[in-house]
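Naming: A, B, ... by sequence-line order, numbering from 1 per chain. Values reported hereafter were calculated over all heavy atoms of this structure, with side chains retained and with hydrogens, waters and symmetry mates removed.
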Number of protein chains: 2
Amino acid sequence: MPGRRNVGSPWWHGRFRGGGYRLTVPRQAILNVLSRTSRHLSAEDIYLEVHKVHPHVGLTTVYRTLELLAEMGMIFKFDFGDGRARYELSEGPKSAHHHHLICTGCRRVIDYSGFMDEELEFLKRAEKGLAKKYDFEIKSHLIQFYGLCDKCRKKKAA
Amino acid sequence: MPGRRNVGSPWWHGRFRGGGYRLTVPRQAILNVLSRTSRHLSAEDIYLEVHKVHPHVGLTTVYRTLELLAEMGMIFKFDFGDGRARYELSEGPKSAHHHHLICTGCRRVIDYSGFMDEELEFLKRAEKGLAKKYDFEIKSHLIQFYGLCDKCRKKKAA
DNA sequence: TTGATAATGAAAATCGTTTTCAATAAGGAG
DNA sequence: CTCCTTATTGAAAACGATTTTCATTATCAA
């Protein structure tokens, strides 16, 4: 198959070799799913999506891979309060640094990425201060806003 | 028992009457536990603590009460990533507005309440902007920092 | 091509949390 | 103070997301 040597070998391949990990079919499939969506997928969402192409891949492997990817820093794991974890690619073409607005009415999650200047300013100061005050090295942060989206606000008013 | 009329009747009593809720022994016990600690208690922690004084109070009731208190806004529910929810009184004598530093090494959680000026500034702008941009009414926010505490950093270096 | 071993899948186990349902108790009415 | 309505409770069972077990398979360095 000339010219196909690199099919299925995108930007993340090098990451695995480094850690002594193997780049397997299920792992590639899971990364593919994550890199193609901007939704906030649960393990089962990912499993179902992978299952369309690779019916033999089990849910267990999805969980294991997600754990590994999170450890490697390639994905983020979120808790939006509905009892199941959600996953997002932490880098790559599609993903920009962002946070989440969570509607407590309908559980809808809105990504937002504005106000990053203010945020950066705040974080820079906070992280520096915290590092000194508590001798704590900050690696990452989580910011989430809770409230009511337009629809739920109207529903409540009615 | 003269003089004991108000024992077990602290500041939160009024809150229940208003909502049509009953102020029961288990609820008081749970609130007492929460108001006496500055730790981040899980449902089971609270259950065990309540159990010392009221052995008949069940874990189910603890969960139900915590859910109610969270709904009423009297407590906050946190997820520090260890698979069990943690609870904190949201107001009262002991509690000031604060956030959490979570050590990903040993799972220790440090409260911090400094840098609130910067935070307030950031939040004010963010909330105003988000409200306008997404027609979203922000009710609350969650900020958590992840990293390594001094001990885990030293352990890692060794 | 081969071998060591990392990775996998199916099923069972785990474990925090929720539901069920009959029994109990809070607190307003009388 | 007593009675009555019904919110609340406790024990046990159910639930559901995630993890573990263990025998089998597949990756990839030599």
Side-chain angles (χ1 to χ4, degrees), chain A residues 5-6 8-9 12-31 40-48 50-72 74-75 77-87 107, chain B residues 5-9 12-31 40-48 50-51 53-72 74-75 77-87 107:
Chain A
R5 188 177 313 172
N6 278 322
S9 297
W12 57 65
H13 275 220
R15 297 292 218 103
F16 283 86
R17 302 290 163 79
Y21 302 115
R22 294 177 181 175
L23 188 42
T24 64
V25 170
R27 288 176 182 176
Q28 295 189 59
I30 289 164
L31 278 166
H40 311 98
L41 300 178
S42 68
E44 190 173 4
D45 292 336
I46 295 167
Y47 165 73
L48 290 173
V50 168
H51 192 267
K52 291 178 186 170
V53 184
H54 302 282
H56 60 92
V57 173
L59 181 55
T60 306
T61 296
V62 173
Y63 274 108
R64 276 190 290 231
T65 300
L66 291 172
E67 188 186 3
L68 173 66
L69 295 175
E71 259 179 44
M72 296 172 70
M74 295 178 69
I75 63 174
K77 181 180 182 179
F78 292 100
D79 167 36
F80 295 148
D82 66 342
R84 61 187 64 192
R86 306 289 173 150
Y87 301 87
R107 296 237 148 272
Chain B
R5 190 180 309 173
N6 278 321
V7 168
S9 296
W12 57 65
H13 276 218
R15 297 292 217 103
F16 283 87
R17 303 288 165 77
Y21 302 115
R22 293 178 182 175
L23 189 41
T24 65
V25 169
R27 287 177 182 174
Q28 295 189 58
I30 290 164
L31 278 166
H40 311 99
L41 301 177
S42 68
E44 191 174 6
D45 293 335
I46 295 166
Y47 164 72
L48 290 173
V50 167
H51 192 266
V53 184
H54 302 281
H56 58 92
V57 173
L59 182 55
T60 307
T61 296
V62 173
Y63 274 109
R64 275 190 291 229
T65 300
L66 291 172
E67 189 187 2
L68 173 65
L69 294 176
E71 260 178 42
M72 294 172 72
M74 296 177 69
I75 63 175
K77 181 180 182 180
F78 292 101
D79 167 37
F80 295 148
D82 66 342
R84 61 188 62 194
R86 306 288 173 151
Y87 301 87
R107 296 237 147 273

| request: Take R17(B) and A43(B), find for each the nucleotide of DNA chain C with the closest heavy atom, and name the residue whose nucleotide sits nearer the 5' end. | output: A43(B)
Rounded to whole Å, how long is the line connecting atom [atom1] of [X] with atom [atom2] of [N]?
X      : N       : atom1 : atom2 : value
D45(A) : dT18(D) : CG    : P     : 11 Å
L68(B) : dT18(C) : CG    : C1'   : 16 Å
F16(A) : dA29(D) : CZ    : P     : 14 Å
H54(B) : dA25(C) : NE2   : C1'   : 15 Å
K77(A) : dT19(D) : NZ    : C1'   : 11 Å
R22(A) : dC28(D) : CZ    : C1'   : 6 Å
D82(B) : dG16(C) : CG    : P     : 9 Å
Y21(B) : dT6(D)  : OH    : C1'   : 15 Å

Value rounded to 0.5 Å, distance of [atom1] in [X] from [atom2] in [Y]:
X      : Y      : atom1 : atom2 : result
R86(A) : D45(A) : CZ    : CG    : 6.0 Å
L66(B) : S42(B) : CG    : OG    : 9.5 Å
L23(B) : L31(B) : CG    : CG    : 8.0 Å

Going by heavy atoms in the side chains, are [X] and [Y] under 4.5 Å from each other?
X      : Y      : answer
H56(A) : H51(A) : no
H40(A) : F80(A) : yes
L68(A) : R64(A) : no

| query | If the sugar-phosphate is the primed atoms plus P, OP1 and OP2 and the base is the rest, what is the B/S/- string for nucleotides 9-16 of chain D, using protein heavy atoms under 4.0 Å? | reply | BBBB----
| Should Y63(A) be listed as having a side-chain N or O under 4.0 Å from OP1 or OP2 of dT18(D)? | yes
